[in-house]
Amino acid sequence: MTPADLRLDEAAVRLGVVVEAPQHSGLLGVLDYLSATPLPPGTLVRVPLGRRVVTGVVWAVLPPSGEVPVRATEDLKAVIEVLDGLPALPSAWRQLVAFAAAYYQRGLGEMALMVLPPELRQLDAVQLQRRLKRLDKALATAPVAAPVATVAATAAGDSTGAPLPELSAQQALALSALAAGGARPFLLWGSTGSGKTEVYLRRAQEALDAGQQVLMMVPEINLTPQLEARVAERFAGRRIVSLHSGLTPAQRLRNWVMALQGHADLVLGTRLSVFTPLPRLGLIVVDEEHDPSYKQQDGARYSARDLAVYRAHLEKVPVMLGSATPSLESWHNALPVAEGGSGRYLRLDMPERIGGGDMPRVRLLDQNHVLKATMGQEPPPLSRPLLDAIAQRVERGEQSLVLLNRRGYAPVLHCSDCGWKSGCPHCSAWRVFHKADRTLRCHHCGFSERVPRACPDCGNQDIQPVGRGTERLEEQLAAALPGARVGRIDADVTKLKGALEAQLASVHAGEVDVLVGTQMVAKGHDFRRITLVAAVNPDAALFASDFRAAERQFALLLQAAGRAGRDADVAGHSEMWVQTWHATHPLYQALQRYDFASFATRQLQERQMAGLPPYASLAMLRAEGKTQEAAQGFLEAAASAVQDLVAQTPEAAGLMLYPAVPTPVQRVANVERAQLMIECGQRAVLQRFLSEAQAVWLAQAQQHRRSGLIRWAVDVDPLAI
DNA sequence: AGCACGCCGACT
DNA sequence: GTCGGCGTGCTC
């Protein structure tokens, strides 16, 4: 025994500490440690775990009475050091983490540590102390006054900077509804350009003036530099920090610490920012709440939008979800009970564009007609009428945006002699032909090779690209529109740091006439001079097996339409072209009328009949294995192991397990994947079932590891099925 | 997850 | 004779 241990024996306290440990480690809940002094819950500590030292969070000072201690006191290890100098993580933060861990079926420690800045988990007490000292010094010399002083200055009526833009009637109405308050979350339903941001900013201003902190969430921060700039400009006297995965580890720690210390007034962040500890939180905003980016797609698959609503409820602060095309879940929540909704949210409508600029006229270009007109000839890359319309824009010095949601030159290469296709050796997917760097690339595992000059199977020199991606579209447009300057923005162009900014700047400067891009251009960017937006191949979503495909596509097309004609002087003749084989499809018909409400109503009816969200809750049990049999074998065993539990749930709850099936892309990087859908009419019943099943599955997984199971996980409220 | 221990092949 | 492959097992 060391002297330290001896001292601990005198008056040691038992602490519950959570550490980073995934479920299959078997270390689920709270671990017990000894401490010389009782530490408040939320304190960060370094504790021994096996042979290493890890960072943990104190969860409870004493284990709940009545619980049988897992270990005798003499077998417990002692806390090594306390990461003091930081305030303890607030109780609201711990409650949010505990809720998220329970709801998304993850370990408490895993969830807690995962949402801390990665850097913080690495540092020991001395290193953290150094960082904090440096931060203190930076704060003392920063141009922004300490928060208390800033609040005082503002309260004293010190108004500086540009005058605020005048509010439209509908903005004023929305703001007064917000002011009237109530405990319900708000759904701000406003078309693109209706001034949702101004409503956020005004409401945020009120919170800031009241000395509160604001959490403003956006789907992807690099897609919304304009919002960031606007927030910074509006709140020039305040301390604004951003939180997203693009920051360096040191920046992320720094901004997070400022939030926790209460020095940051406004946090602008992506989904991970929903967990930022904010001691004086006064408002949460979730912009573009329908965006799928809010759902974490690996590890703990949480929905930051849903957690934001829960957090607002927990901390009794208002939450505002904003979108032109709300998720059907939110839409349903914002429909009054009398109209078949849940009535949980209050909807604020802002249907009109500021400045009177109309949304572009939607033209559905029926490909069946075009085909007839070109019968017998090689069909042009784009329909003639669309090409002509773009050419007209070029002539007038206006810009066009052509959307195609597929990167690369062609999705697959094909040998017409022997039938060879450019499959990926590691995945059940085609390798995409990228002409720019002459490679065949797998978009799933990243496997890349120089494109072969001849067919690798039969030596045929004549291998052909099949289908079309943005690279090829760019090439075809350049050929079809001589003299036009054609540019492209997609993930390939953007890979280089600063390339996106550079390309956007050249579009804004009018150096590009026709911009080709994937969905990333449809999001967030304001293009003042674009008068034509075209969706070239939008039909796939109409027949996708994923029940959310239509919802996503409608949102994307509407958002894309919003890129056109944002200046009133060009809005009058702006157009959105949709090149389709199914012009009479209800989705396009609703789009043409900009009638989201009727689209949503129709979709909700279909969901209700099919027993899908928001009328039922889903969870997906996913498995990865060395073979498809291993993955499916586990899922089947898992399903039969919980038959009793299923039988115990009330019949009326409609709990149902579907058969195990391969995932849409069955094999990725030589790992086979399968999934099993679980459906339930009542969310609470599904929750109870999942947490009980989890324990059964843990044991089941252990047995299946030998037969080739690699990983498994539950995805609660899956986005894609 | 880490990080150990543990038992079988090609190297100084 | 060792270095090292990754299978199995444990961490309050």
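Residue numbers start from 1 in every chain, and the chains themselves are labelled A, B, ... in the order their sequence lines are given, proteins ahead of strands.
In this structure, NZ of A:K626 is placed 9 Å from C1' of C:dG7, rounded to the nearest angstrom. Computed from coordinates, the A:R705 CZ to C:dG9 P distance equals 8 Å when rounded to whole Å. The nearest whole Å value for the distance from the CZ atom in A:R51 to the C1' atom in B:dG2 is 11 Å. We find that CD of A:Q23 is positioned 19 Å from P of C:dT11, with the value rounded to whole Å. Summarising the geometry, the separation between CG on A:L108 and P on C:dC12 is reported as 17 Å, rounded to the nearest angstrom. Atom C1' of nucleotide C:dT11 and atom OH of A:Y33 are separated by 8 Å, given to the nearest angstrom. Residue A:K77 contributes atom NZ, which lies 10 Å from atom C1' of C:dC10 at whole-angstrom precision. Taking atom CG on A:L27 and atom C1' on C:dG9, their separation rounds to 12 Å, with Å as the unit.
When all heavy atoms are compared, the tightest approach of A:A653 to A:Q682 is CA-OE1, 3.4 Å.
Using modelled atom types, one side-chain atom of A:S428 and one backbone atom of A:R667 make a donor-acceptor pair closer than 3.5 Å.
Residue A:R52 is classed as a base contact, given a heavy-atom separation below 4.0 Å to a base.
Remark: A:E624 does not engage A:R673 in a salt bridge, criterion side-chain N to carboxylate O under 4.0 Å. A salt bridge links A:K295 with A:D715: the closest approach of a Lys/Arg side-chain nitrogen to an acidic carboxylate oxygen falls below 4.0 angstrom.
Annotation: proximity of residues 690-704 of chain A to DNA chain C (heavy atom, distance under 4.0 Å) is found for no residue.
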Mind listing the side-chain donor-acceptor pairs of residues 89-103 of chain A below 3.5 Å, one per line with the distance, residues two or more places apart or on another chain?
| residue | atom | partner | partner atom | Å |
| --- | --- | --- | --- | --- |
| A:S91 | OG | A:Q95 | NE2 | 3.1 |
| A:W93 | NE1 | A:F275 | O | 3.0 |
| A:R94 | NE | A:L89 | O | 3.4 |
| A:Y103 | OH | A:R683 | NH1 | 2.9 |
| A:Y103 | OH | A:D717 | OD1 | 3.4 |
| A:Y103 | OH | A:D717 | OD2 | 2.7 |

Please tabulate, for side-chain N and O atoms in residues 243-253 of chain A, each donor-acceptor pair with protein atoms closer than 3.5 Å (sequence neighbours left out).
| residue | atom | partner | partner atom | Å |
| --- | --- | --- | --- | --- |
| A:H244 | ND1 | A:G246 | N | 3.1 |
| A:T248 | OG1 | A:Q251 | N | 3.2 |
| A:T248 | OG1 | A:Q251 | OE1 | 3.3 |
| A:Q251 | OE1 | A:T248 | N | 2.9 |

